[in-house]
Amino acid sequence: MTGSHPTRSRFAAALRPAAFGADPAGERMERIRRSPNFANGVFVNPVGARIGPSGSMLKFASTYFRKEERIRRAPAGAVPVHPTTVADLAAPPASGLRLTWMGHSSVLAEIDGRRVLFDPVWGQRCSPFSMVGPKRLHPVPVPLRELAPVDAVVISHDHYDHLDMPTIRALVRGHAVFVVPLGVGAHLERWGVPADRMTELDWHESTEVAGLTLTATPARHFCGRGLRNTQHTLWASWVVAGPEHRVYHSGDTGYFPGFAEIGAAYGPFDATMVQIGAYSDYWPDIHMTPEEGMRAHLDLQGGDPAKGIMLPIHWGTFNLAPHPWEEPAEGTVSAAEEAGATVAVPRPGQPFEPGPGLPLEPWWRAIAARPVTKTPAGAEGAAEPAGLTGPSGATGGSGASGTAGGADPAMPIPQS
(Lines give C-alpha, C1' and ligand atoms only; values in the text may rest on other atoms or scores of the structure.)
Protein backbone atom coordinates (compact mmCIF):
# COMPACT_ATOMS: atom_id res chain seq x y z
CA MET A 1 0.00 0.00 0.00
CA THR A 2 1.38 3.39 -0.94
CA GLY A 3 0.63 7.00 0.01
CA SER A 4 0.88 8.99 3.20
CA HIS A 5 -0.27 7.52 6.49
CA PRO A 6 -3.40 9.35 7.80
CA THR A 7 -2.11 9.53 11.37
CA ARG A 8 1.26 10.84 10.20
CA SER A 9 -0.48 13.45 7.98
CA ARG A 10 -2.63 14.69 10.86
CA PHE A 11 0.43 14.87 13.08
CA ALA A 12 2.34 16.85 10.45
CA ALA A 13 -0.60 19.23 10.03
CA ALA A 14 -0.77 19.75 13.78
CA LEU A 15 2.90 20.69 13.80
CA ARG A 16 2.32 23.27 11.06
CA PRO A 17 -0.58 25.57 11.94
CA ALA A 18 -2.34 27.30 9.05
CA ALA A 19 -0.79 30.61 10.12
CA PHE A 20 2.63 29.23 9.19
CA GLY A 21 1.48 29.33 5.58
CA ALA A 22 2.90 26.99 2.96
CA ASP A 23 6.24 26.37 1.29
CA PRO A 24 6.50 27.09 -2.44
CA ALA A 25 6.37 23.98 -4.61
CA GLY A 26 5.88 22.88 -8.20
CA GLU A 27 5.94 25.57 -10.89
CA ARG A 28 6.15 28.29 -8.24
CA MET A 29 9.38 26.78 -6.92
CA GLU A 30 10.70 26.34 -10.45
CA ARG A 31 10.14 30.04 -11.08
CA ILE A 32 11.94 30.85 -7.83
CA ARG A 33 14.94 28.78 -8.91
CA ARG A 34 15.10 30.77 -12.15
CA SER A 35 15.24 34.10 -10.32
CA PRO A 36 18.51 36.04 -10.64
CA ASN A 37 18.12 36.78 -6.92
CA PHE A 38 18.13 33.09 -5.94
CA ALA A 39 21.47 31.38 -5.41
CA ASN A 40 22.65 28.24 -3.65
CA GLY A 41 19.13 27.31 -2.69
CA VAL A 42 18.06 30.61 -1.10
CA PHE A 43 17.05 34.15 -1.98
CA VAL A 44 19.96 36.54 -1.43
CA ASN A 45 20.23 40.21 -0.50
CA PRO A 46 21.48 42.94 -2.85
CA VAL A 47 24.41 43.38 -0.46
CA GLY A 48 25.56 41.10 2.34
CA ALA A 49 23.49 41.05 5.52
CA ARG A 50 23.56 39.16 8.79
CA ILE A 51 20.02 38.01 9.42
CA GLY A 52 20.62 36.48 12.86
CA PRO A 53 21.31 38.48 16.04
CA SER A 54 24.93 39.51 16.43
CA GLY A 55 26.77 39.77 19.73
CA SER A 56 25.96 38.07 23.01
CA MET A 57 22.32 36.97 23.35
CA LEU A 58 22.86 36.78 27.11
CA LYS A 59 23.73 40.47 27.13
CA PHE A 60 20.77 41.24 24.89
CA ALA A 61 18.38 39.32 27.16
CA SER A 62 19.63 41.05 30.30
CA THR A 63 19.06 44.43 28.64
CA TYR A 64 15.70 43.51 27.15
CA PHE A 65 14.19 42.24 30.40
CA ARG A 66 15.53 44.99 32.66
CA LYS A 67 12.53 46.66 34.29
CA GLU A 68 13.50 50.24 33.43
CA GLU A 69 14.04 49.29 29.79
CA ARG A 70 10.74 47.39 29.58
CA ILE A 71 8.83 50.41 30.85
CA ARG A 72 10.30 52.65 28.17
CA ARG A 73 9.44 50.23 25.35
CA ALA A 74 5.71 50.90 25.71
CA PRO A 75 3.69 54.12 25.89
CA ALA A 76 2.74 55.33 29.36
CA GLY A 77 -0.88 55.93 28.31
CA ALA A 78 -3.35 55.08 25.58
CA VAL A 79 -2.17 55.90 22.07
CA PRO A 80 -4.46 58.64 20.64
CA VAL A 81 -5.96 56.83 17.67
CA HIS A 82 -7.65 59.24 15.24
CA PRO A 83 -11.38 59.04 16.03
CA THR A 84 -13.00 59.92 12.67
CA THR A 85 -11.03 57.93 10.10
CA VAL A 86 -14.05 56.43 8.33
CA ALA A 87 -15.74 59.81 7.93
CA ASP A 88 -12.52 61.46 6.78
CA LEU A 89 -11.98 58.83 4.10
CA ALA A 90 -15.51 59.22 2.72
CA ALA A 91 -14.53 62.25 0.62
CA PRO A 92 -11.87 61.81 -2.08
CA PRO A 93 -8.52 63.56 -1.59
CA ALA A 94 -8.48 67.02 -3.13
CA SER A 95 -4.90 66.59 -4.38
CA GLY A 96 -5.40 63.07 -5.71
CA LEU A 97 -3.03 61.58 -3.12
CA ARG A 98 -3.78 60.74 0.50
CA LEU A 99 -2.04 58.44 2.98
CA THR A 100 -3.48 56.93 6.13
CA TRP A 101 -1.05 55.21 8.50
CA MET A 102 -3.01 52.49 10.29
CA GLY A 103 -0.11 51.60 12.59
CA HIS A 104 3.20 49.74 12.18
CA SER A 105 3.73 49.27 8.40
CA SER A 106 0.05 49.22 7.40
CA VAL A 107 -0.77 52.17 5.15
CA LEU A 108 -3.78 52.94 2.98
CA ALA A 109 -2.63 54.93 -0.05
CA GLU A 110 -5.27 56.64 -2.20
CA ILE A 111 -3.60 57.39 -5.52
CA ASP A 112 -5.32 59.03 -8.46
CA GLY A 113 -8.72 57.56 -7.66
CA ARG A 114 -7.47 54.10 -6.65
CA ARG A 115 -6.79 52.56 -3.24
CA VAL A 116 -3.77 50.45 -2.28
CA LEU A 117 -3.37 48.80 1.12
CA PHE A 118 0.22 48.05 2.13
CA ASP A 119 1.11 45.32 4.64
CA PRO A 120 -2.30 45.17 6.33
CA VAL A 121 -2.12 43.71 9.85
CA TRP A 122 -5.38 43.96 11.78
CA GLY A 123 -4.63 41.11 14.22
CA GLN A 124 -4.13 41.56 17.95
CA ARG A 125 -0.72 39.86 17.89
CA CYS A 126 1.95 39.55 15.21
CA SER A 127 2.34 35.85 15.86
CA PRO A 128 1.05 32.50 14.59
CA PHE A 129 -0.52 31.96 18.02
CA SER A 130 -3.37 33.88 19.66
CA MET A 131 -1.94 33.86 23.17
CA VAL A 132 1.79 34.34 22.57
CA GLY A 133 3.79 37.03 20.79
CA PRO A 134 3.96 40.83 20.60
CA LYS A 135 0.55 42.37 21.27
CA ARG A 136 -0.89 45.58 19.81
CA LEU A 137 -0.21 48.76 21.78
CA HIS A 138 -3.22 50.53 20.26
CA PRO A 139 -6.51 49.51 18.62
CA VAL A 140 -6.84 49.35 14.86
CA PRO A 141 -8.17 52.74 13.69
CA VAL A 142 -10.83 51.23 11.38
CA PRO A 143 -12.46 47.79 11.50
CA LEU A 144 -11.86 46.02 8.19
CA ARG A 145 -15.59 45.70 7.61
CA GLU A 146 -15.85 49.52 7.66
CA LEU A 147 -12.89 50.11 5.36
CA ALA A 148 -14.13 50.95 1.89
CA PRO A 149 -13.05 48.52 -0.86
CA VAL A 150 -9.43 48.58 -1.98
CA ASP A 151 -8.10 47.85 -5.45
CA ALA A 152 -4.80 46.23 -4.45
CA VAL A 153 -3.33 44.64 -1.34
CA VAL A 154 0.48 44.81 -1.43
CA ILE A 155 2.69 42.67 0.83
CA SER A 156 6.38 43.42 1.37
CA HIS A 157 7.39 40.03 2.87
CA ASP A 158 6.02 37.15 4.89
CA HIS A 159 6.92 38.02 8.50
CA TYR A 160 4.00 38.05 10.91
CA ASP A 161 3.95 41.81 11.48
CA HIS A 162 3.51 42.34 7.71
CA LEU A 163 1.50 39.32 6.59
CA ASP A 164 -1.38 38.42 8.90
CA MET A 165 -3.50 35.38 8.06
CA PRO A 166 -6.81 36.56 9.62
CA THR A 167 -6.49 39.91 7.84
CA ILE A 168 -5.84 38.25 4.48
CA ARG A 169 -8.80 35.93 4.96
CA ALA A 170 -11.02 38.93 5.66
CA LEU A 171 -9.72 40.93 2.69
CA VAL A 172 -10.23 38.09 0.22
CA ARG A 173 -13.99 38.58 0.65
CA GLY A 174 -13.62 41.82 -1.32
CA HIS A 175 -12.46 42.29 -4.89
CA ALA A 176 -8.86 43.39 -4.30
CA VAL A 177 -5.94 41.97 -6.26
CA PHE A 178 -3.07 40.71 -4.07
CA VAL A 179 0.40 41.74 -5.27
CA VAL A 180 3.25 40.02 -3.44
CA PRO A 181 6.93 39.11 -3.77
CA LEU A 182 7.88 35.88 -5.49
CA GLY A 183 6.96 32.82 -3.41
CA VAL A 184 4.64 34.59 -0.95
CA GLY A 185 1.70 33.43 -3.03
CA ALA A 186 2.08 29.96 -1.49
CA HIS A 187 0.91 31.34 1.85
CA LEU A 188 -2.02 33.21 0.30
CA GLU A 189 -3.08 30.18 -1.69
CA ARG A 190 -3.29 28.10 1.50
CA TRP A 191 -5.46 30.80 3.07
CA GLY A 192 -7.98 30.84 0.25
CA VAL A 193 -6.80 33.57 -2.14
CA PRO A 194 -7.69 32.49 -5.71
CA ALA A 195 -4.80 32.23 -8.15
CA ASP A 196 -6.48 34.65 -10.56
CA ARG A 197 -6.49 37.39 -7.88
CA MET A 198 -2.81 37.07 -7.06
CA THR A 199 0.34 38.35 -8.77
CA GLU A 200 3.85 37.40 -7.63
CA LEU A 201 6.77 39.58 -8.70
CA ASP A 202 10.53 39.38 -8.64
CA TRP A 203 12.57 42.55 -8.13
CA HIS A 204 12.11 45.08 -10.96
CA GLU A 205 9.04 43.28 -12.31
CA SER A 206 5.80 45.25 -12.63
CA THR A 207 2.09 44.67 -12.93
CA GLU A 208 -0.89 46.89 -13.76
CA VAL A 209 -3.84 47.14 -11.36
CA ALA A 210 -6.74 49.51 -12.06
CA GLY A 211 -4.54 51.96 -13.95
CA LEU A 212 -1.69 51.88 -11.41
CA THR A 213 1.75 50.40 -12.06
CA LEU A 214 3.10 48.37 -9.13
CA THR A 215 6.79 47.46 -9.18
CA ALA A 216 8.70 45.23 -6.76
CA THR A 217 12.07 46.75 -5.92
CA PRO A 218 15.01 45.43 -3.85
CA ALA A 219 15.24 45.46 -0.07
CA ARG A 220 17.81 44.17 2.40
CA HIS A 221 16.03 41.77 4.71
CA PHE A 222 14.96 38.10 4.92
CA CYS A 223 11.85 35.91 5.17
CA GLY A 224 10.28 33.03 7.02
CA ARG A 225 7.20 32.06 9.07
CA GLY A 226 7.65 28.44 10.14
CA LEU A 227 10.09 26.59 12.35
CA ARG A 228 12.46 26.40 9.38
CA ASN A 229 13.26 29.64 7.57
CA THR A 230 14.07 28.22 4.14
CA GLN A 231 14.47 31.66 2.48
CA HIS A 232 12.28 30.52 -0.40
CA THR A 233 10.04 33.62 -0.35
CA LEU A 234 11.33 36.96 -1.53
CA TRP A 235 11.17 40.28 0.34
CA ALA A 236 10.67 43.58 -1.47
CA SER A 237 10.07 47.28 -1.33
CA TRP A 238 7.39 48.71 -3.63
CA VAL A 239 6.85 51.53 -6.08
CA VAL A 240 3.26 52.43 -6.99
CA ALA A 241 2.79 54.92 -9.82
CA GLY A 242 -0.45 56.45 -11.07
CA PRO A 243 -1.08 58.95 -13.86
CA GLU A 244 -0.25 61.88 -11.56
CA HIS A 245 1.42 60.56 -8.39
CA ARG A 246 3.92 57.99 -7.27
CA VAL A 247 4.80 56.58 -3.85
CA TYR A 248 7.36 54.21 -2.35
CA HIS A 249 6.94 51.72 0.52
CA SER A 250 10.14 50.29 1.97
CA GLY A 251 8.80 47.19 3.69
CA ASP A 252 11.52 46.06 6.08
CA THR A 253 15.11 46.72 5.08
CA GLY A 254 18.55 47.62 6.22
CA TYR A 255 20.25 50.58 4.59
CA PHE A 256 22.01 49.84 1.30
CA PRO A 257 23.15 51.81 -1.78
CA GLY A 258 20.26 50.48 -3.83
CA PHE A 259 17.92 53.24 -2.61
CA ALA A 260 19.65 55.72 -4.90
CA GLU A 261 19.27 53.29 -7.81
CA ILE A 262 15.56 52.84 -7.08
CA GLY A 263 15.13 56.59 -6.94
CA ALA A 264 16.95 57.08 -10.23
CA ALA A 265 14.89 54.39 -11.97
CA TYR A 266 11.43 55.08 -10.55
CA GLY A 267 11.47 58.40 -8.65
CA PRO A 268 11.22 61.03 -7.51
CA PHE A 269 8.28 60.29 -5.23
CA ASP A 270 5.47 62.41 -3.87
CA ALA A 271 5.79 60.38 -0.67
CA THR A 272 8.01 57.69 0.74
CA MET A 273 6.92 55.32 3.52
CA VAL A 274 10.15 54.27 5.21
CA GLN A 275 10.89 51.81 8.03
CA ILE A 276 12.48 53.56 11.03
CA GLY A 277 11.54 51.31 13.98
CA ALA A 278 12.46 47.97 15.58
CA TYR A 279 16.18 48.58 14.98
CA SER A 280 18.98 47.34 17.21
CA ASP A 281 22.73 46.99 17.27
CA TYR A 282 22.03 43.26 17.50
CA TRP A 283 20.56 43.22 13.96
CA PRO A 284 22.06 46.28 12.19
CA ASP A 285 21.85 44.94 8.63
CA ILE A 286 18.12 44.21 8.33
CA HIS A 287 16.41 47.27 9.87
CA MET A 288 17.16 50.99 9.65
CA THR A 289 17.56 53.56 12.39
CA PRO A 290 15.71 56.89 11.95
CA GLU A 291 18.91 58.47 10.67
CA GLU A 292 19.38 55.70 8.11
CA GLY A 293 15.71 55.95 7.15
CA MET A 294 16.10 59.65 6.41
CA ARG A 295 19.23 58.91 4.39
CA ALA A 296 17.23 56.35 2.39
CA HIS A 297 14.47 58.91 1.78
CA LEU A 298 16.99 61.41 0.46
CA ASP A 299 18.59 58.77 -1.77
CA LEU A 300 15.18 57.92 -3.19
CA GLN A 301 14.61 61.59 -3.97
CA GLY A 302 17.91 62.03 -5.77
CA GLY A 303 19.45 63.79 -2.77
CA ASP A 304 16.98 66.69 -2.89
CA PRO A 305 15.34 67.26 0.55
CA ALA A 306 12.74 69.58 -1.03
CA LYS A 307 11.20 66.71 -2.99
CA GLY A 308 8.33 64.74 -1.52
CA ILE A 309 7.46 63.89 2.05
CA MET A 310 8.52 61.01 4.27
CA LEU A 311 6.06 58.99 6.37
CA PRO A 312 7.91 56.97 9.03
CA ILE A 313 6.50 53.44 9.41
CA HIS A 314 7.19 50.28 11.42
CA TRP A 315 6.91 51.82 14.86
CA GLY A 316 4.40 52.56 17.61
CA THR A 317 2.16 49.50 17.33
CA PHE A 318 4.18 46.47 18.46
CA ASN A 319 7.03 46.12 20.93
CA LEU A 320 9.71 44.48 18.76
CA ALA A 321 13.08 45.90 19.82
CA PRO A 322 14.97 47.28 22.84
CA HIS A 323 14.69 50.97 21.95
CA PRO A 324 12.24 53.33 23.75
CA TRP A 325 8.75 53.40 22.24
CA GLU A 326 8.86 57.04 21.09
CA GLU A 327 12.49 57.04 19.89
CA PRO A 328 11.75 56.23 16.20
CA ALA A 329 9.41 59.22 15.86
CA GLU A 330 11.68 61.57 17.79
CA GLY A 331 14.75 60.44 15.85
CA THR A 332 13.02 60.87 12.50
CA VAL A 333 11.89 64.40 13.34
CA SER A 334 15.45 65.31 14.37
CA ALA A 335 16.95 63.75 11.23
CA ALA A 336 14.45 65.59 9.02
CA GLU A 337 15.20 68.90 10.73
CA GLU A 338 18.92 68.39 10.18
CA ALA A 339 18.43 67.42 6.52
CA GLY A 340 15.85 70.09 5.74
CA ALA A 341 13.38 67.40 4.65
CA THR A 342 9.62 67.19 5.30
CA VAL A 343 8.13 64.44 7.43
CA ALA A 344 4.60 63.59 8.50
CA VAL A 345 4.09 61.74 11.80
CA PRO A 346 0.32 61.35 12.04
CA ARG A 347 -1.61 59.58 14.75
CA PRO A 348 -2.75 56.08 13.75
CA GLY A 349 -5.71 56.45 11.40
CA GLN A 350 -5.18 60.15 10.67
CA PRO A 351 -5.42 60.70 6.88
CA PHE A 352 -3.24 63.40 5.33
CA GLU A 353 -2.43 64.69 1.87
CA PRO A 354 1.31 65.14 1.30
CA GLY A 355 2.26 68.70 0.54
CA PRO A 356 4.24 71.71 1.72
CA GLY A 357 3.36 73.30 5.03
CA LEU A 358 2.04 70.08 6.54
CA PRO A 359 1.74 70.64 10.31
CA LEU A 360 3.82 68.49 12.63
CA GLU A 361 2.19 67.67 15.96
CA PRO A 362 4.44 65.74 18.38
CA TRP A 363 1.51 63.79 19.85
CA TRP A 364 3.70 60.92 21.04
CA ARG A 365 5.43 63.06 23.69
CA ALA A 366 2.40 63.24 25.94
CA ILE A 367 2.41 59.47 26.42
CA ALA A 368 6.12 58.63 26.34
CA ALA A 369 7.22 56.79 29.48
CA ARG A 370 9.76 59.57 29.96
CA PRO A 371 8.19 62.59 28.26
CA VAL A 372 10.31 64.25 25.60
CA THR A 373 10.44 68.04 25.87
CA LYS A 374 12.20 68.99 22.63
CA THR A 375 9.90 70.76 20.15
CA PRO A 376 10.65 70.21 16.44
CA ALA A 377 11.16 73.24 14.25
CA GLY A 378 7.84 74.57 12.96
CA ALA A 379 5.81 72.81 15.65
CA GLU A 380 5.82 75.51 18.32
CA GLY A 381 2.38 75.89 19.74
CA ALA A 382 1.16 72.60 18.29
CA ALA A 383 -1.67 71.26 20.35
CA GLU A 384 -1.15 68.18 22.45
CA PRO A 385 -3.78 65.47 22.02
CA ALA A 386 -7.14 66.75 23.20
CA GLY A 387 -7.94 63.34 24.63
CA LEU A 388 -6.18 60.00 24.60
CA THR A 389 -9.11 58.31 22.93
CA GLY A 390 -9.71 55.32 20.74
CA PRO A 391 -11.98 55.35 17.69
CA SER A 392 -15.12 55.41 19.83
CA GLY A 393 -13.86 58.09 22.23
CA ALA A 394 -13.20 55.75 25.14
CA THR A 395 -10.04 56.22 27.17
CA GLY A 396 -8.37 52.88 26.81
CA GLY A 397 -11.07 50.24 26.51
CA SER A 398 -10.84 46.60 25.71
CA GLY A 399 -8.70 47.03 22.62
CA ALA A 400 -6.22 49.62 23.91
CA SER A 401 -3.23 47.78 25.28
CA GLY A 402 -1.27 51.01 25.47
CA THR A 403 0.11 51.02 28.99
CA ALA A 404 3.58 50.16 30.13
CA GLY A 405 2.15 47.52 32.45
CA GLY A 406 0.47 45.88 29.44
CA ALA A 407 3.65 45.53 27.39
CA ASP A 408 4.11 42.02 26.09
CA PRO A 409 7.13 40.41 27.74
CA ALA A 410 7.85 38.10 24.81
CA MET A 411 11.37 38.29 23.43
CA PRO A 412 11.33 40.03 20.02
CA ILE A 413 12.59 38.12 17.04
CA PRO A 414 14.56 40.29 14.57
CA GLN A 415 12.24 39.28 11.70
CA SER A 416 9.94 42.25 11.85
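These figures come from a predicted structure and were not determined experimentally.
Around the CZ atom of Arg145, the shell of radius 6.0 Å holds no more than 12 heavy atoms that belong to other residues, nucleotides or ligands. Heavy-atom neighbours of Glu146 CD from other residues, nucleotides or ligands within 6.0 Å: above the threshold of 12.
Between Asp285 and Arg220 there is a salt bridge, since a side-chain N of the basic residue sits under 4.0 Å from a carboxylate O of the acidic one. Under 4.0 Å is where a charged nitrogen must lie from a carboxylate oxygen, and between Arg295 and Glu292 no such pair does. Between Glu189 and Arg28 a salt bridge is recorded (basic side-chain N to carboxylate O distance below 4.0 Å). Salt-bridge formation is not detected for the pair Glu327/Arg72: no Lys NZ or Arg NE/NH1/NH2 atom is positioned less than 4.0 Å from an Asp or Glu carboxylate oxygen.
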side-chain contact (heavy atoms from CB on, under 4.5 Å) assessment of Leu171 paired with Leu117: CA-CA 10 Å; Leu171 287 168; Leu117 190 57; 4.1 Å; yes
query: So His159 and Phe222, ring pair (Phe, Tyr, Trp, His ring centres under 6.0 Å) or not? Walk me through it.
result: CA-CA 9 Å; His159 287 154; Phe222 70 113; 4.7 Å; yes
message: For a side chain to side chain donor-acceptor pair (under 3.5 Å) check, start with the C-alpha distance between Glu353 and Ser95, then their side-chain angles and the critical distance, and finish with the verdict.
response: CA-CA 7 Å; Glu353 298 188 34; Ser95 67; 2.6 Å; yes
task: Report the C-alpha separation of Leu108 and Leu99 in whole Å, then their side-chain angles, then the decisive distance to 0.1 Å, and conclude whether the side-chain contact (heavy atoms from CB on, under 4.5 Å) test is met.
output: CA-CA 6 Å; Leu108 175 66; Leu99 303 179; over 6 Å; no
- request: Walk me through it: do Val193 and Ile168 pass the test side-chain contact (heavy atoms from CB on, under 4.5 Å)?
  value: CA-CA 8 Å; Val193 178; Ile168 296 299; 3.8 Å; yes
task: Could you check His232 against Phe43 for ring pair (Phe, Tyr, Trp, His ring centres under 6.0 Å), going step by step and ending with a plain yes or no?
output: CA-CA 6 Å; His232 287 173; Phe43 277 114; 7.8 Å; no
message: Run Thr272 and Gln301 through side-chain contact (heavy atoms from CB on, under 4.5 Å) and show every step you take.
response: CA-CA 9 Å; Thr272 67; Gln301 304 290 25; 3.9 Å; yes
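For Trp122 (side chain) and Ala170 (main-chain N/O), no donor-acceptor pair under 3.5 Å exists by modelled atom type. Panel note: side chain Asp151, backbone Arg115; a donor-acceptor pair is recorded below 3.5 Å. Between the side chain of Ser106 and the backbone N or O of Met102 there is no donor-acceptor pair closer than 3.5 Å. At distances below 3.5 Å, not a single donor-acceptor pair connects side-chain atoms of Gln350 with backbone N or O atoms of His82. Under the 3.5 Å distance criterion, the side-chain polar atoms of His249 are matched with a main-chain donor or acceptor of Gly251. Without hydrogens or angle criteria, Ser250 side chain to Gln275 main chain gives a donor-acceptor distance under 3.5 Å. Proximity of a side-chain donor or acceptor of Thr253 to a complementary backbone N or O of His221 within less than 3.5 Å is not detected. Using a distance-only test at 3.5 Å, with no hydrogens or angles considered, no donor-acceptor pair links the side chain of Glu208 to the main chain of Ala210. Under the 3.5 Å distance criterion, the side-chain polar atoms of Arg347 are left unmatched by any main-chain donor or acceptor of Val81. Looking only at distances, no side-chain donor or acceptor of Arg125 sits under 3.5 Å from a matching main-chain atom of Ser127.
Contact detail for Pro290 and Gly331: the closest heavy-atom pair is CB-C, 3.5 Å. Taking all atoms of both residues into account, the shortest heavy-atom contact from Ile276 to Gly293 is CG2-CA, 3.9 Å. Residues Leu212 and Ile111 come closest through the heavy atom pair CD2-O, 3.9 Å. Here the closest heavy-atom approach between residue Ala109 and residue Phe118 is recorded as CB-CE1, 3.9 Å. Taking every heavy atom of both residues into account, Phe38 and Ile32 meet most closely at CB-O, 3.3 Å. Between Pro46 and Pro218, the shortest heavy-atom contact is CG-CB, 4.4 Å.
Here the CE atom belonging to Met288 is positioned 10.5 Å from the CE atom belonging to Met294, to the nearest 0.5 angstrom. The distance from the CD atom of Gln124 to the OG atom of Ser130 is 11.0 Å, given to the nearest 0.5 Å. Put simply, OG1 on Thr230 and CE on Met29 are 7.5 Å apart, with the number rounded to the nearest 0.5 Å. Here the CZ-CZ distance, from Arg31 to Arg34, works out to 8.0 Å after rounding to the nearest 0.5 Å. Rounding to the nearest 0.5 Å places CG of Asp270 at 8.5 Å from CZ of Arg246. Separation of atoms CG (Leu234) and CD (Glu205) is listed at 9.5 Å; rounding is to 0.5 Å.
Proximity of Leu137 to Thr317: side-chain heavy atoms (C-beta onward) are nowhere separated by under 4.5 Å. Using a 4.5 Å heavy-atom cutoff, the side chains of Val79 and Trp364 are not in contact. Under the 4.5 Å side-chain criterion, counting only non-hydrogen atoms from C-beta, Ile309 is not in contact with Val343. Asn37 places a side-chain heavy atom less than 4.5 Å from the side chain of Asp202. Taking the side chain as every heavy atom from C-beta outward, His104 and Ile313 never approach each other to under 4.5 Å. Residues Phe178 and Arg197 form a side-chain contact, since some pair of their non-hydrogen atoms from C-beta on lies under 4.5 Å apart. Side-chain contact between Ile262 and Ser237 is present, with heavy atoms from C-beta onward closer than 4.5 Å. With a 4.5 Å cut-off on side-chain heavy atoms, Trp235 and Trp203 count as touching.
Between Trp101 and Trp363, the ring planes are tilted. Angles from 30° to 60° get that label. Between His157 and His162, the ring planes lie tilted relative to each other; the angle falls in the 30° to 60° range.
Side-chain contact check for Tyr255 and Asp299: at least one donor-acceptor pair (N or O, by modelled atom type) lies under 3.5 Å. A donor atom on one side chain and an acceptor atom on the other are not found under 3.5 Å apart for His314 and Ser105. Of the N and O atoms on the side chains of His287 and Ser280, not one donor lies less than 3.5 Å from an acceptor on the other residue.
Aromatic pair Phe269/His245: ring centres not closer than 6.0 Å. If you look at Trp315 and Trp325, their ring centroids are closer than 6.0 Å.
Considering Thr167, Val172, Leu163 as possible partners of Trp191, the one that fulfils the side chain to side chain contact (heavy atoms under 4.5 Å, CB included) test is Leu163. With Trp238 as reference, Leu201 is the one residue of Leu201, Val116, Asp119 to meet the side chain to side chain contact (heavy atoms under 4.5 Å, CB included) rule.
Cation-pi contact between Arg225 and Tyr160: present, with separation from the ring centre below 6.0 Å and deviation from the ring axis of at most 45°.
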